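Only one structure is covered here, and it is reproduced in the block below.
Position 1 is the first residue of the sequence, and the numbers go up from there. A quick note: this is a predicted structure, and the numbers were derived from the prediction, not measured.
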Amino acid sequence: QVQLVESGGGLVQPGGSLRLSCAVSRSIFSIYAMGWYRQAPGKQRDLVARIFSGGNTYYTDSVKGRFTISRDNAKNTVFLKMNSLKPEDTAVYYCNAYGPTTGHFWGQGTQVTVSS
């Protein structure tokens, strides 16, 4: 079992920045992939960014150049730095841990609202 706790969401104006944090209950060094998903009202939950155990990263096209995923293995924490935020980034953001044999684990989500 893996417990994930997100923090850092909130209300921000368009063009602003936020940094989300995900505290993980165990070492993340060997977890196959850590990621951030988001779900807007009435829409499906979509992958935003992912970082693999080897350090490779993936970003969905709409956030490339604006969002950065990173991790601190010593603190068992994963981050999502979000710059140049747009109203369409408004969603509940979920932290995710995935392993081929363990499956998916999810946090409770944190709300990000981009509005003037």
Side-chain angles (χ1 to χ4, degrees):
Q1 285 288 340
V2 179
Q3 281 77 48
L4 311 172
V5 179
E6 302 99 333
S7 61
L11 172 65
V12 64
Q13 293 186 342
S17 299
L18 282 175
R19 189 180 79 157
L20 305 182
S21 299
C22 174
V24 185
S25 63
R26 52 153 283 191
S27 171
I28 63 174
F29 180 78
S30 60
I31 294 179
Y32 178 76
M34 297 294 304
W36 289 93
Y37 287 68
R38 66 186 178 188
Q39 187 169 20
K43 296 189 176 181
Q44 67 181 20
R45 188 176 298 186
D46 292 324
L47 176 63
V48 175
R50 179 173 275 171
I51 185 165
F52 295 89
S53 57
N56 290 341
T57 57
Y58 163 85
Y59 298 92
T60 193
D61 285 345
S62 63
V63 308
K64 285 180 180 177
R66 300 189 298 122
F67 290 12
T68 303
I69 188 170
S70 62
R71 66 187 186 199
D72 185 333
N73 289 341
K75 297 183 178 179
N76 296 333
T77 303
V78 179
F79 304 97
L80 184 68
K81 182 64 187 302
M82 305 184 293
N83 296 325
S84 302
L85 282 161
K86 305 175 181 180
E88 52 263 43
D89 295 317
T90 295
V92 178
Y93 284 70
Y94 296 90
C95 184
N96 171 269
Y98 171 73
T101 57
T102 57
H104 290 276
F105 297 92
W106 297 94
Q108 81 286 353
T110 184
Q111 177 70 46
V112 171
T113 302
V114 185
S115 175
S116 56

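Using a 4.5 Å cut-off between side-chain heavy atoms of Ile, Leu, Val, Met, Phe, Trp and Tyr, with links allowed through other members, Val78 and Tyr98 fall into different hydrophobic clusters. Under a hydrophobic-cluster definition in which Ile, Leu, Val, Met, Phe, Trp and Tyr are linked whenever side-chain heavy atoms come within less than 4.5 Å, directly or via other members, Val114 and Tyr94 are assigned to different clusters. In terms of hydrophobic clustering, with Ile, Leu, Val, Met, Phe, Trp and Tyr side chains grouped at heavy-atom distances under 4.5 Å, Trp106 and Val48 are assigned to different clusters. One hydrophobic cluster, built from ILVMFWY side chains closer than 4.5 Å, cannot hold both Phe79 and Leu4; they sit in different ones.
Remark: side-chain polar atoms of Arg66 are paired, donor with acceptor, to backbone N or O of Ser84 under 3.5 angstrom. With hydrogens and angles ignored, the 3.5 Å screen pairs a side-chain donor or acceptor of Ser25 with a backbone N or O of Gln3. Using modelled atom types, one side-chain atom of Glu6 and one backbone atom of Gln108 make a donor-acceptor pair closer than 3.5 Å. Looking only at distances, no side-chain donor or acceptor of Thr77 sits under 3.5 Å from a matching main-chain atom of Asp72.
In summary, the side chains of Tyr93 and Arg38 do present a donor paired with an acceptor at a separation below 3.5 Å, with no hydrogens or angles considered. Checking Asn83 against Ser17 by side-chain atom types alone, a donor-acceptor pair falls below 3.5 Å. In summary, the side chains of Arg50 and Tyr32 do not present any donor paired with an acceptor at a separation below 3.5 Å, with no hydrogens or angles considered.
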Exercise. Any chance you could lay out the side chain to side chain contact (heavy atoms under 4.5 Å, CB included) test for Thr68 and Tyr59, step after step, and finish with the verdict?
Key: CA-CA 8 Å; Thr68 303; Tyr59 298 92; 3.8 Å; yes
Quiz item: Are Val24 and Val2 close enough, and set up right, to give a side chain to side chain contact (heavy atoms under 4.5 Å, CB included), and what steps lead you there?
Solution: CA-CA 7 Å; Val24 185; Val2 179; 3.6 Å; yes
Exercise. Take Met34 and Cys95 through the test side chain to side chain contact (heavy atoms under 4.5 Å, CB included) and record every step on the way to the result.
Key: CA-CA 8 Å; Met34 297 294 304; Cys95 184; 3.9 Å; yes
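Here the side chains of Ser27 and Asn73 are not in contact, with every heavy-atom distance at 4.5 Å or above. With contacts defined as side-chain heavy-atom distances shorter than 4.5 Å, the pair Thr60/Leu47 does not qualify. Using a 4.5 Å heavy-atom cutoff, the side chains of Thr110 and Leu20 are in contact. In this structure, the side chains of Met82 and Asp89 stay at 4.5 Å or more apart for every pair of heavy atoms.
When every heavy atom of Ala33 is checked against every heavy atom of Phe52, the shortest pair comes out as CB-CD2, 3.8 Å. A pairwise comparison of heavy atoms in Gly35 and Ile69 identifies CA-CD1, 4.2 Å as the closest pair. Contact detail for Trp36 and Ser21: the closest heavy-atom pair is CH2-O, 3.6 Å. Ser116 approaches Pro14 most closely through the heavy-atom pair N-CD, 3.7 Å.
Distance CZ/Phe67 to CG/Leu18: 9.0 Å, rounded to 0.5 Å. Annotation: the span from Leu85 atom CG to Thr113 atom OG1 amounts to 10.5 Å, rounded to 0.5 Å. The distance from the CG atom of Asn76 to the CZ atom of Arg26 is 9.0 Å, given to the nearest 0.5 Å.
A salt bridge links Asp61 with Lys64: at least one charged nitrogen is closer than 4.0 Å to a carboxylate oxygen.
In this structure, Arg45 is not positioned above the aromatic face of Tyr37 in the sense of NZ or CZ being under 6.0 Å from the six-membered ring centre and within 45° of the axis.
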